[in-house]
There are 2 protein chains.
Amino acid sequence: MSGQKKKTTIYDIAKELNITVSTVSRALSGFPAISDTTRQAVIETAKRLNYSPNKLASALKSGQTHIIGVIVPSLQAHFFASIIHSIEKGLKGSGYRVILYQSNESLISEINGVKTLLEAQVDGIMASLSLETDNVDHFSEVIKQNKPLILFDRVHEKLDVPKVILDDFKAGYTATQHLIDQGYKNIAYLTTIHQIPIFSERLKGYKAALADNDLPLNEENIIFGGLSIKDGRFGVGKLMRLEHKPDAIIAADDFTALGAIKKLKEIDQVPPKIGVIGFANEAFSAYITPTLSTIDQHPNQMGTECVKLFLDMIKDKSAHNTSTVIIEPSLMERQSTLS
Amino acid sequence: MSGQKKKTTIYDIAKELNITVSTVSRALSGFPAISDTTRQAVIETAKRLNYSPNKLASALKSGQTHIIGVIVPSLQAHFFASIIHSIEKGLKGSGYRVILYQSNESLISEINGVKTLLEAQVDGIMASLSLETDNVDHFSEVIKQNKPLILFDRVHEKLDVPKVILDDFKAGYTATQHLIDQGYKNIAYLTTIHQIPIFSERLKGYKAALADNDLPLNEENIIFGGLSIKDGRFGVGKLMRLEHKPDAIIAADDFTALGAIKKLKEIDQVPPKIGVIGFANEAFSAYITPTLSTIDQHPNQMGTECVKLFLDMIKDKSAHNTSTVIIEPSLMERQSTLS
DNA sequence: TTGAAAGCGCTAACAT
DNA sequence: ATGTTAGCGCTTTCAA
């Protein structure tokens with residue numbers, strides 16, 4: 001049974017044509033100093049023998065896999081799925097491929113991801129950190145191996161590498177100013193307990209906007225919890241028990257905002273009666289009722305910039321690139337804040 | 001400059017301990033006939049020298065990469081993101097990893113994907129076909145190489161391999177029967193022009209349910225177009241121009257259903273006035289207004305079954321496994337059909 | 001323009 | 001329990 005034919009290698013092609021493997025290798029890889037006849041013969045024979053190159057062998061020898069490892073917290077968030085999409089699109093034609101790793105918002109899993117990708121000999125890594133990531137030592141090996149490392153969206157100051165981020169301060173400021181412009185005066189804020197920059201920057205923007213508009217900052221209005229539909233409901237529950245109830249709510253992501261809206265509808269405070277705005281412009285945000293105002297984070301632009309940075313770094317390995325690309329957030333005005 | 005230290009290999013460890021690489025290799029891979037002292041020394045030295053195995057070399061030698069290639073049409077659909085998630089979860093602890101490839105619903109891209117994955121020497125492939133895929137010759141090489149190939153959701157009859165699918169006939173039947181039970185009598189159907197089984201099976205289910213309930217089948221009611229929000233709006237537009245307007249609409253996926261709902265709202269026929277039901281239970285379906293009735297396709301169960309099949313096939317390569325796992329669809333009754 | 005040969009890092013049969 | 005050695009399939013230097 002079985003008798004599984006061995007796969008065709010360049011040796012088979014060489015033997016078939018009475019030439020050596022080096023010639024075959026050159027012909028196949030577009031080496032210039034090869035006669036046209038030889039090249040044609042090789043290509044024709046390769047096709048005839050159904051040859052498929054073993055990239056493993058080639059990578060082992062050349063030290064380049066042409067694979068980029070990308071680590072994201074989760075594919076379930078449309079935002080990250082979009083970034084991946086634009087990274088792949090941007091890489092088209094460059095010869096580089098992506099291999100994905102989901103950390104599932106877990107630090108341990110992220111550490112494992114870096115290890116796995118490094119063992120797979122990726123040529124570089126792009127990563128967006130998990131919510132749990134407070135320490136980034138696991139990335140130092142990437143830098144030590146002199147492989148391009150690029151951080152996007154969820155970054156860490158301790159890592160001196162190129163980054164692509166949103167202007168999160170501005171995002172928070174814009175959301176807050178928008179609510180104020182709509183006439184809301186007592187604005188609450190639902191965010192995560194995790195100390196990661198994008199969220200604390202947004203919060204800073206919120207505080208700055210309040211101050212710039214001479215509105216008091218009420219610490220009770222800031223709820224530190226999780227980010228999810230459930231947490232949104234829970235947060236609203238907490239806020240509604242306050243003596244001085246807020247008239248608008250900023251949620252640190254759209255899922256939390258969605259939960260907030262659902263709860264508000266139940267207690268008959270349907271937005272924009274109480275205003276709600278989120279972050280990320282998730283897939284559902286334009287379709288719920290009321291439609292959800294939010295801050296678009298331009299994932300496609302982020303992906304494109306990551307690719308640009310990566311290709312630059314590959315081209316000039318020596319240049320210690322630590323540029324930070326900052327993407328401008330956009331306000332999406334929808335029904336949930338239109339008072 | 002640079003002076004980039006070369007990476008530690010098992011040779012470095014061997015030299016350090018005055019033993020040979022084979023001993024090191026054995027110690028590291030858990031080979032039994034190794035003295036405890038040696039093993040300890042090797043492990044300790046490996047850690048000290050910051051050794052990281054080169055899986056490429058190991059894979060080249062052993063012929064096994066322990067990587068599975070997974071091809072999906074798109075990560076933007078929550079359904080596929082969920083399947084990926086459960087595949088990764090199911091693989092945990094098995095030593096296998098996933099590398100992802102998005103076909104973006106393009107046949108050419110899918111062909112390329114198979115080629116790329118094969119060149120990367122994956123140990124097997126799991127795939128869900130693109131809408132354009134009417135010919136599956138590009139998978140024959142996978143079979144020829146005797147590598148496990150598993151199809152899920154979007155399958156093809158010409159491929160005699162294990163499959164994990166939804167009972168799509170039943171899904172279509174259930175959706176239709178549900179509408180009939182709710183009192184709808186003239187049910188339209190928005191689907192894709194692409195001839196792929198899941199959609200034609202659903203349509204068959206629809207026709208069967210009509211017949212079983214002695215309702216006439218009106219061919220005008222079946223619109224063949226694309227699947228997207230835009231197509232949903234467009235489909236409704238077409239239907240509303242019919243002499244005998246339908247009182248309910250089945251859309252072949254939730255995105256199309258969403259488009260239909262948006263259009264219906266604009267023309268003041270808000271569901272459930274005209275009933276709407278979709279397929280896939282996408283992330284937004286429970287949150288739009290009205291909430292969208294749909295058929296849940298149990299992506300997590302699908303992923304789990306794919307993993308089971310794969311591990312079975314790896315265990316027993318000789319057994320020609322062609323079992324088809326059929327997942328039962330579940331009706332999600334929501335507001336859009338509650339008359 | 002082509003060939004010969006070394007070697008990327010690892011595994012595993014065969015020896016001892 | 002450990003050592004020796006021959007590759008896995010490919011690239012690339014050096015030589016012709």
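Sequence lines set the chain letters: A, B, ... in the order given, protein chains first and strands last, and positions in each chain run from 1.
The backbone N or O of A:Arg154 lies less than 3.5 Å from a partner atom in the side chain of A:Ser128, making a donor-acceptor pair. Side chain of A:Glu119 to backbone of B:Lys55: no donor-acceptor contact under 3.5 angstrom is found.
Taking the side chain as every heavy atom from C-beta outward, A:Phe310 and A:Ile87 never approach each other to under 4.5 Å. Side-chain atoms of B:Leu17 and B:Val24, non-hydrogen and from C-beta on, never get closer than 4.5 Å to each other.
With rounding to whole Å, B:Asn54 atom CG is found 13 Å from C:dT11 atom C1'. Taking atom NZ on A:Lys7 and atom C1' on D:dC10, their separation rounds to 12 Å, with Å as the unit. For the pair A:Ile19 CD1 and C:dG3 P, the interatomic distance rounds to 6 Å; values are reported in whole Å. Rounded to an integer number of Å, the gap from A:His66 NE2 to D:dC10 C1' is 13 Å. Between B:Ile10 atom CD1 and D:dT4 atom C1' the separation is 14 Å, expressed in whole Å. Spacing between atom CG of B:Asp12 and atom C1' of C:dC10 amounts to 13 Å, rounded to whole angstrom units.
By the neighbour-count criterion of 12 heavy atoms within 6.0 Å, atom CD1 of B:Ile108 is sparsely surrounded, having that number or fewer from other residues, nucleotides or ligands.
Counting any heavy atom pair closer than 4.0 Å across all strands shown, A:Leu56 reaches no nucleic acid atom.
When the local axes at the two ends of the helix from C:dT1-D:dA16 to C:dT16-D:dA1 are compared, using 5 base pairs at each end, they differ in direction by 30° after rounding to 10°.
Using a 3.5 Å distance cut-off with no hydrogens or angles, the side chains of B:His78 and A:Gln76 do pair a donor with an acceptor. In this structure, a donor-acceptor pair under 3.5 Å is present between the side chains of B:Glu110 and B:His138. Donor-acceptor pairing under 3.5 Å is lacking for the side chains of B:Ser52 and A:Glu141.
If you check residues 22-51 of chain A against DNA chain D, the residues with a heavy atom closer than 4.0 Å are A:Ser22, A:Ser25, A:Arg26, A:Tyr51, listed by number.
Heavy-atom distances to DNA chain D give each of B:Leu60 and B:Asn18 a nearest nucleotide, and the one nearer the 5′ end belongs to B:Asn18.
Proximity of A:Thr20 to the phosphate of C:dG3: a side-chain N or O atom is located under 4.0 Å from OP1 or OP2. Proximity of B:Thr9 to the phosphate of C:dG9: no side-chain N or O atom is located under 4.0 Å from OP1 or OP2.
In the interface, the side chain of B:Tyr11 is not paired with the base of C:dC8 through any donor and acceptor atom under 3.5 Å apart. Judged by distance alone with a 3.5 Å cut-off, a donor-acceptor contact links the side chain of A:Lys61 to the base of C:dG7.
With rounding to the nearest 0.5 angstrom, the CZ atom of B:Phe80 is 10.5 Å from the CD atom of B:Gln102.
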